[in-house]
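Just so it is clear: chains get the letters A, B, ... in the order the sequence lines come, proteins before strands, and each one is counted from 1. Just the heavy atoms: all of them, side chains too, but no hydrogens, waters or symmetry mates, feed the values below.
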Amino acid sequence: MGEEVKLLGLKRSPYSCRVEIALKVKGIEYEFIEEDLSNKSPMLLEYNSVHKKVPVLVHNGRAIAESLVILEYIDETWKDTPILPRDPYDRAMARFWVKFIDEKALHPSIDCTHSVYKACTTQDEEVIEEAYGDVEFLETELNDKRFFSGESIGLVNIVVNFVGLWLGVIQEVRGVELLNKEKFPKLCGWVDEFLGSSIVRESLPSRE
Amino acid sequence: RARMTAEVILLDFWPSMYGMRVRVALAEKGIEYESREEDLRNKSALLLKMNPVHKKIPVLIHNGKPVCESLVAVQYIDETWKDKAPLLPSDPYGKAQARFWADFVDKKLYDIGRKFVWEKQGEEGEAAKKEFIDCLKLLEGELGNKPYFGGEIFGYLDIALITFYSWFYAFETFGNFSIEPECPKLIEWCKRCMEKETVSKSLPDPHKIHDFVTQYRKVLGVE
């Protein structure tokens with residue numbers, strides 16, 4: 001019996017996208033099922049009855065939800081090309097940073113006032129200040145490495161794909177420049193590097 | 001001047017459910033550590049240095065290196081001291097389920113719970129109570145007939161959730177509702193966990209939490 005891997009997702013969702021990148025990095029064959037969030041499929045409602053959200057990975061009939069949980073599951077099930085580092089301390093650091101990114105940078109929900117996303121859609125000085133602070137943490141963490149956590153595409157990089165593509169688009173659309181080259185040279189350099197990787201290019205939707 | 005001679009240090013705050021998680025994990029593994037109580041209105045230089053991003057407790061410091069975020073710390077403890085009392089199951093799917101539900105606890109329970117204690121009870125209160133109970137019922141469903149969420153053995157998800165038990169009395173008093181009639185199996189599980197010394201020694205008396213809340217509500221001006 002072959003491995004059956006399905007991904008219920010949304011091409012324009014960074015959460016869904018990060019799972020696709022992970023599957024591609026590992027060379028795992030999967031079936032992608034695009035969900036219509038205004039008309040959720042019975043499959044989605046059954047597989048993720050708790051949150052009713054994408055992405056959901058279905059492996060041999062068993063469902064896993066929450067993108068970060070999925071990424072760890074993928075890493076532990078298909079052990080080639082590890083996404084997470086081996087050392088427990090490095091793993092703790094990676095997990096810390098992805099949580100930070102999810103809470104600070106990615107939250108597009110209306111009630112989250114402190115996020116980079118929000119900063120692109122607001123005039124509020126305080127929010128923008130805080131977003132700058134958050135991005136600065138990422139800049140410091142990146143330091144002089146080519147990707148976060150070293151030379152290869154790992155967990156943190158996959159999660160930060162948001163910064164790579166979406167932020168750029170949002171900035172263009174809203175006319176706000178949060179991530180400019182002077183203030184954050186390293187992060188911008190990383191963005192170029194990351195988008196340059198062919199796997200990433202395949203997985204990310206076009207800027208439209 | 002802060003001493004860094006102990007191999008394992010925990011920066012903590014006694015009523016914190018998150019701090020309690022790390023205490024339980026360390027106790028389960030039998031790890032000796034130095035506990036340092038933080039005054040959150042006057043944070044120590046060490047805390048600010050070890051967790052510059054969030055400036056929050058708990059912070060686990062192992063050989064001088066900080067690990068922040070309670071569930072990250074619990075996993076770190078599990079992976080570093082792996083010869084004793086495994087906290088996560090060995091199969092990836094079991095791990096994923098434990099992580100998913102621990103994430104659910106973090107996303108839902110804390111935010112709803114805080115409404116009962118730190119905010120004035122209004123119309124929102126009724127909706128919050130229902131949501132809280134619904135979340136607990138979902139967790140009860142996940143527990144099923146197992147003695148612990150981890151199965152036969154107390155584990156990661158048990159740790160993530162049991163620490164909220166010390167706050168239930170405060171939630172019930174200030175929120176004016178009762179959990180046990182709605183979720184008897186969950187309370188049974190809570191009591192079973194409390195029979196473990198590693199848990200009972202790590203959690204403060206619920207009445208002390210209640211007193212802490214009473215005092216702090218005055219400071220916040222909630223009444």
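One finds the OG1 atom of B:Thr80 at 7.5 Å from the CG atom of A:Asp87 (value rounded to the nearest 0.5 Å). How far NZ of A:Lys99 is from CG of B:Asp106: 5.5 Å, rounded to the nearest 0.5 Å. The line from OG of A:Ser67 to CG of B:Asp103 is 9.0 Å long, rounded to the nearest 0.5 Å.
The side-chain tip of B:Lys95 does not point at the ring of A:Tyr73 from less than 6.0 angstrom away and within 45° of straight on.
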- Please step through side chain to side chain contact (heavy atoms under 4.5 Å, CB included) for the pair A:Glu66 and B:Lys107, ending with a clear verdict. CA-CA 12 Å; A:Glu66 289 303 310; B:Lys107 281 196 166 101; 2.8 Å; yes

- Task: Kindly indicate, with the supporting measurements, whether the criterion side chain to side chain contact (heavy atoms under 4.5 Å, CB included) is fulfilled by B:Val67 and A:Tyr89.
- Result: CA-CA 8 Å; B:Val67 180; A:Tyr89 189 74; 3.7 Å; yes

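Between B:Gln75 and A:Arg95, the closest side-chain pair of non-hydrogen atoms falls below 4.5 Å. Put simply, the side chain of B:Phe100 does not reach to within 4.5 Å of the side chain of A:Ile64, judged on heavy atoms. A heavy-atom distance below 4.5 Å is found between the side chains of A:Phe96 and B:His54. A:His59 has its side chain out of reach of B:Tyr93: every pair of non-hydrogen atoms, C-beta onward, lies at least 4.5 Å apart.
For B:Glu79 and A:Arg86, the salt-bridge test fails: no basic side-chain N is under 4.0 Å from an acidic carboxylate O.
Taking a 6.0 Å sphere around NZ of B:Lys82, one finds it holds 12 or fewer heavy atoms contributed by other residues, nucleotides or ligands. B:Lys130 NZ: 12 or fewer foreign heavy atoms inside a 6.0 Å radius. For B:Ile153, the CD1 atom is loosely surrounded, since the number of other residues' heavy atoms within 6.0 Å does not exceed 12. Atom NZ of A:Lys53 is surrounded by 12 or fewer heavy atoms from other residues, nucleotides or ligands within 6.0 Å.
Contacts between B:Trp101 and chain A at a heavy-atom distance below 4.5 Å involve the side chain alone, from C-beta outward.
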